[in-house]
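Written out below as structure tokens is the structure these notes cover.
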Amino acid sequence: MSLPLEGLAPDALRIAVLGAGSWGTTFAKVLADAGAQTTLWARRREVAQEITETHRNSDYLPGINLPPNLRAHDRLERVLAGAQQVYLSVPSQSLRSNLHSIRDIVPPDVPVVSLMKGVERGTGLRMSEVIANELGIDVERIAVVSGPNLALEIAKKQPTAAVVASASHGTAVAVAQAATNEYFRSFVNTDVIGTEFGGVLKNLIAVAVGIADGVGYGENTKASIITRGLVELTHFAVAYGAQAETMSGLAGLGDLIATCESKLSRNNTAGRLLGQGYAFTEVIAQMNQTAEGLSSVGPILELAEQRGVHMPIVAQVAQVLEGTLDPRELAPHLATDSDEPQGE
């Protein structure tokens with residue numbers, strides 16, 4: 001399959017994005033709309049051909065026109081050749097195997113950016129840690145992007161903000177500059193731990209909100225889960241070295257609100273199905289895309305136990321997933337497992 005490049009500005013920033021799902025395609029569109037010469041890797045050749053030839057990705061972004069300076073290919077070496085920045089948008093649990101495939105063909109000294117929100121089962125590593133571990137690169141080359149970023153809304157050019165975090169302020173700024181256009185604004189920080197854990201933990205709270213929604217509970221219950229969920233994710237993130245204020249920003253509260261409240265959220269949808277009585281295996285079968293919250297519950301609870309962090313909402317989500325807790329019983333116990341009044 002050919003990859004035509006005619007008509008693209010010769011001095012444009014060359015960016016590779018790996019993963020042509022809804023979020024990978026959307027972020028590739030953000031970068032292309034900001035002026036970058038963007039090449040997207042799609043595992044399936046027919047998806048790559050559709051993106052390049054018709055400027056559509058009907059499987060994941062139906063009805064969305066993609067810019068002409070966004071192309072796709074199914075061969076990793078073609079996508080990565082000459083890239084000045086590399087973005088990763090693959091399922092968190094398959095990240096390591098994907099990194100193993102590109103270890104020897106990632107251009108040297110370029111920023112590697114995680115668009116993923118999850119922790120690795122078995123190791124409990126954040127995505128940036130998996131990248132550093134598997135690629136053997138300096139952490140100052142690694143950045144992560146997070147925030148209230150529902151793919152379809154961004155693809156429709158609805159105004160949105162995100163945060164880019166890196167141990168290197170310069171790397172964060174370079175990525176943020178590439179990922180800023182008329183409808184998408186990127187802010188920066190150096191709190192990688194808080195930014196990543198905010199993106200992971202809000203998925204778990206969104207599943208809880210979805211369960212409450214599926215059961216038929218109203219806004220009071222959902223607002224209570226969101227508020228107490230913010231407390232849980234803040235305690236957890238700070239216990240692992242994050243800055244508490246990050247949890248009040250785009251990667252924490254902002255992402256939490258968007259993911260918990262939107263019907264576009266995969267994690268909210270998964271929770272709603274659980275609340276309606278579907279078993280975990282049935283939910284997985286119905287979901288067209290990965291709901292990262294479902295695979296992160298176990299690893300997060302293991303990490304919480306290691307640091308003595310109490311997470312009753314997340315623990316009850318785990319029980320619902322295991323089939324040991326009726327979804328209707330989640331909300332009455334959302335704040336604490338003690339009958340004694342406690343401080344907020």
Side-chain angles (χ1 to χ4, degrees), residues 19 21-23 59-60 89-97 116-127 130 150-151 197-217 221-222 224-226 228-229 232-233 236 255-256 258-306 309-335 337:
S22 59
W23 183 225
D59 281 355
Y60 296 104
S89 182
V90 298
S92 60
Q93 302 311 319
S94 65
L95 174 61
R96 189 176 293 274
S97 61
M116 299 155 296
K117 299 175 179 179
V119 293
E120 187 178 46
R121 283 196 299 266
T123 67
L125 295 177
R126 293 174 281 111
M127 296 295 97
V130 177
L150 296 164
F197 274 139
V200 174
L201 295 165
K202 56 85 186 181
N203 286 334
L204 282 58
I205 305 304
V207 173
V209 170
I211 291 171
D213 203 15
V215 167
Y217 293 144
T221 302
K222 290 184 283 186
S224 298
I225 294 174
I226 291 171
R228 294 305 304 171
E232 286 191 22
L233 67 88
F236 179 99
D255 201 2
L256 181 65
T259 309
C260 288
E261 289 294 305
S262 175
K263 304 304 181 187
L264 297 173
S265 162
R266 297 192 293 270
N267 293 284
N268 180 284
T269 299
R272 197 161 59 250
L273 291 170
L274 290 165
Q276 291 169 354
Y278 290 93
F280 175 65
T281 53
E282 294 173 320
V283 172
I284 296 297
Q286 287 202 37
M287 298 291 291
N288 184 39
Q289 298 184 64
T290 303
E292 295 284 9
L294 299 181
S295 59
S296 297
V297 173
I300 287 296
L301 286 175
E302 290 176 7
L303 291 172
E305 185 177 5
Q306 291 173 18
V309 179
H310 187 49
M311 304 186 78
I313 296 175
V314 179
Q316 288 165 25
V317 170
Q319 291 176 317
V320 172
L321 292 176
E322 293 164 358
T324 59
L325 181 71
D326 188 315
R328 292 171 294 182
E329 294 299 313
L330 181 141
H333 309 290
L334 61 92
D337 54 11

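These values consider heavy atoms only, across backbone and side chains, with no hydrogens, waters or symmetry-generated copies. Predicted model, so just to flag it, every value in this text is computed and none were measured.
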* To do: Measure the CD1-CG distance between I225 and L330 for me, rounded to the nearest 0.5 Å.
  => 5.5 Å
* Structure fact -> For A279 and L274 the tightest heavy-atom approach is C-CD2, 4.4 Å
* Mind listing the closest non-hydrogen atom pair of A212 and T221 along with its distance? => CB-CG2, 4.1 Å
* Close side-chain approach of V119 to F197, heavy-atom, < 4.5 Å -> yes
* Between CG on residue D255 and CG on residue N203, distance to nearest 0.5 Å -> 7.0 Å
* More than 12 foreign heavy atoms under 6.0 Å from CD of E305: is that the case here? -> no
* With rounding to the nearest 0.5 Å, note down the distance linking CH2 in W23 to NZ in K117. => 6.5 Å
* To do: Say whether, by atom type as modelled, one donor and one acceptor occur between the side chain of Y217 and the main chain of V209 under 3.5 angstrom.
  => no
* Counterpart residues, side chain to side chain contact (heavy atoms under 4.5 Å, CB included), relative to E302 (two or more places apart) -> none
* With a 4.5 Å heavy-atom cut-off, do L125 and R96 have their side chains touching? -> yes
* **Shortest non-hydrogen contact between M116 and S89, atoms and distance** => CG-CA, 4.1 Å
* Does any non-hydrogen side-chain atom of N268 lie less than 4.5 Å from one of T259? -> no
* Asked: Which heavy-atom pair separates E120 from M127 by the least distance, and what is that distance?
  -> N-CE, 3.8 Å
* Asked: Is the shortest heavy-atom distance from the side chain of M311 to the side chain of L201 under 4.5 Å?
  -> yes
* Asked: Is any side-chain heavy atom of Q276 closer than 4.5 Å to a side-chain heavy atom of P327?
  -> no
* Asked: What heavy-atom pair brings A151 and S22 nearest, and what distance separates the two atoms?
  -> CB-O, 3.8 Å
* Asked: Q306: what forms a side chain to side chain contact (heavy atoms under 4.5 Å, CB included) with it, not counting sequence neighbours?
  -> Y240, L303
* Asked: Does L264 reach the side chain of T269, with side-chain heavy atoms less than 4.5 Å apart?
  -> no
* To do: Report yes if the side chains of L95 and V130 come closer than 4.5 Å at any heavy-atom pair, otherwise no.
  => yes
* Structure fact -> Those residues at least two apart in sequence (or on a different chain) that pass side chain to side chain contact (heavy atoms under 4.5 Å, CB included) with T324 are Q319, E322
* Asked: Closest heavy-atom contact between P299 and R121?
  -> CG-CG, 3.7 Å
* Structure fact -> Separation between NZ (K222) and CD1 (I205), nearest 0.5 Å, reads 15.0 Å
* Asked: How long is the gap from CD1 on I313 to CD1 on I226, to the nearest 0.5 Å?
  -> 10.0 Å
* Asked: How far does CD of Q316 sit from CD1 of I211, to the nearest 0.5 angstrom?
  -> 9.5 Å
